[in-house]
Each structure stands twice: as structure tokens, then as C-alpha cells.
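Any value given below was found using the heavy atoms of this structure, including those in side chains, with hydrogens, waters and symmetry copies removed. Here, residue 1 is the first one in the sequence, and each next residue gets the next number.
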Amino acid sequence: MTILSNNYGSMKAMKKWAVCAVLLLACLSVNAQNFNFEKLAKIKGVEYTHVDKEKINLAASLGEGLHIGESVNLGGGDDAGKFLQQLDDVKVFSCEEKGSIKKFKKTALDLLKGQEWEPLVDTTGDDGEMVKIYLSKNGEYSTNVILAVEDDEANLVVISGTFDLAKMMQQAMNKNGEVNE
């Protein structure tokens with residue numbers, strides 16, 4: 001700090017330290033969110049698949065959608081490349097082990113309790129089937145989380161990038177005439 005204050009003055013040095021601290025905390029916050037979801041992968045019987053930007057770009061360049069296991073198919077059709085370019089990262093957590101589904105569901109719901117998560121869809125059927133969709137936005141960047149739980153299977157999909165699921169859902173509803181605002 002002495003070196004900074006001698007060269008830049010004490011006020012400028014304090015500003016530089018404050019900016020560094022804010023950037024450090026922002027990076028730690030982003031890493032903490034990603035690390036939290038990876039807790040799910042440690043549950044017995046959970047399969048974890050991660051698709052990074054490089055693999056997403058490859059699928060986009062081939063004009064294909066992104067297919068991850070049996071439960072996730074993103075993009076496809078004529079606009080597959082344009083859609084996939086909005087994605088930076090996709091993580092899929094799947095659990096089909098009866099004894100672990102309850103723990104998977106509880107852990108996922110605990111991770112999504114923070115203020116940064118805006119619930120978009122929250123449905124539970126009579127048979128206990130549940131679908132929850134959450135959004136966390138930071139400027140143009142967003143993280144979309146889809147949690148689906150049935151008796152014999154649970155899936156959580158985390159999609160990060162500039163893709164905004166809330167906006168897409170609103171456009172689809174407006175197109176179908178269901179919601180007009």
C-alpha cells in the first residue's frame with residue numbers, strides 16, 4: 001500500500017484496493033455458485049455431464065443441437081447454431097437411484113433458496129412429479145436452472161450464457177396469445 005500511496009496518492013491507492021477487493025469477491029461469488037451445484041455430483045448414484053463453450057461451439061458449427069443423454073436436447077433445426085452461440089456452459093445432473101433421489105431433490109432445492117434465484121415455474125403434480133425453473137441474471141449474462149423430479153428419476157440442468165429462458169418463455173406465450181402485456 002505504501003508503494004501505491006507514494007506513487008498515486010492515498011485516495012487513489014484506496015480506490016485501487018477497493019476495486020481489487022470487489023473484483024476478487026465477484027470472482028469468488030461466481031465460483032461458489034458453480035461449486036455448489038457440483039455438490040450434487042457427489043451424491044451416490046448421480047451422473048454429472050459438463051459441456052463447455054468449446055463443445056457447444058463444435059455442435060453449433062455442425063448445425064446440430066446439443067444432445068446430452070436422454071433428457072437434454074438443446075437447439076436443433078435451422079436456428080441451432082444461433083441458439084447455441086448464446087450458451088457458454090451446460091451442466092446436467094441426473095439421478096435414477098431410488099435411495100438417492102430424495103437427497104438429490106433436497107440438496108438441489110437448498111441450493112436454489114438464495115435471493116439471486118428468481119423462480120419462473122414452480123409446479124408439483126398430484127403424483128409428486130415436480131418441475132421448477134429458476135433464473136439468475138447478472139446484466140446480459142444469465143444462469144437458467146431446470147429441476148425435474150419424478151418417482152424414479154431426478155434431473156437438474158444448469159445453462160449459463162446470454163440465453164434468457166424467461167424472455168424466451170414470454171415470447172412463446174405472446175406468440176400463442178396466452179399472455180399479452
Side-chain angles (χ1 to χ4, degrees), residues 19-97 100-101 103-105 107-121 131-150 153-172 175:
V19 168
C20 288
V22 167
L23 290 173
L24 177 65
L25 290 174
C27 291
L28 290 174
S29 173
V30 169
N31 287 334
Q33 285 180 355
N34 288 335
F35 176 76
N36 284 339
F37 284 114
E38 290 172 3
K39 279 183 181 180
L40 294 169
K42 295 179 181 176
I43 297 172
K44 181 182 174 191
V46 172
E47 292 181 28
Y48 169 57
T49 305
H50 177 235
V51 182
D52 62 12
K53 184 69 173 173
E54 186 177 322
K55 291 175 188 170
I56 294 168
N57 286 339
L58 177 62
S61 70
L62 296 173
E64 299 177 2
L66 190 59
H67 309 286
I68 307 167
E70 295 176 17
S71 58
V72 179
N73 294 303
L74 301 170
D78 296 335
D79 293 332
K82 189 188 297 185
F83 170 74
L84 292 177
Q85 288 174 352
Q86 298 176 60
L87 307 182
D88 288 341
D89 192 74
V90 178
K91 295 178 181 179
V92 179
F93 302 87
S94 300
C95 182
E96 294 180 3
E97 191 167 308
S100 299
I101 291 174
K103 183 175 182 179
F104 180 93
K105 176 182 169 183
T107 303
L109 290 173
D110 286 346
L111 291 170
L112 293 167
K113 281 186 181 175
Q115 288 182 329
E116 68 271 7
W117 296 106
E118 175 187 347
L120 300 176
V121 173
V131 175
K132 295 183 180 286
I133 301 175
Y134 290 85
L135 170 70
S136 177
K137 257 181 112 57
N138 185 5
E140 287 294 311
Y141 194 81
S142 63
T143 300
N144 303 275
V145 176
I146 303 164
L147 174 63
V149 179
E150 300 177 40
E153 183 178 4
N155 295 290
L156 184 118
V157 181
V158 181
I159 304 168
S160 300
T162 57
F163 169 68
D164 187 338
L165 187 59
K167 188 184 293 183
M168 186 191 84
M169 290 169 60
Q170 185 65 43
Q171 289 170 349
K175 210 181 261 188

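For the pair K53 (side chain) and Q85 (backbone), a donor-acceptor distance under 3.5 Å is present. In this structure, D52 contributes its side chain and K55 its backbone to a donor-acceptor pair below 3.5 Å. At least one donor-acceptor pair closer than 3.5 Å links the side chain of S142 to the backbone N or O of F163.
In this pair, F37 and W117 present their aromatic rings perpendicular. The plane angle is above 60°, beyond the 30 to 60° band.
The line from NZ of K103 to CD of E97 is 11.5 Å long, rounded to the nearest 0.5 Å. In this structure, the separation between CD on E96 and CZ on F104 is 11.0 Å, given to the nearest 0.5 Å. Note that the CE atom of M168 and the CD atom of Q86 stand 10.0 Å from one another [nearest 0.5 Å]. Interatomic distance, L84 CG to L62 CG, rounded to the nearest 0.5 Å: 10.5 Å.
A salt bridge is defined here as a Lys NZ or Arg NE, NH1 or NH2 lying under 4.0 Å from an Asp or Glu carboxylate O, and E38 with K91 meets this definition.
Exactly one residue among L165, D164, V121, V145 makes a side chain to side chain contact (heavy atoms under 4.5 Å, CB included) with L135. That residue is D164.
Two residues are said to be in side-chain contact when any heavy atoms from C-beta on lie closer than 4.5 Å; D88 and I56 fail this criterion. T143 has its side chain out of reach of E116: every pair of non-hydrogen atoms, C-beta onward, lies at least 4.5 Å apart.
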Could you walk me through whether F93 and L147 pass the side chain to side chain contact (heavy atoms under 4.5 Å, CB included) check?
-> CA-CA 9 Å; F93 302 87; L147 174 63; over 6 Å; no

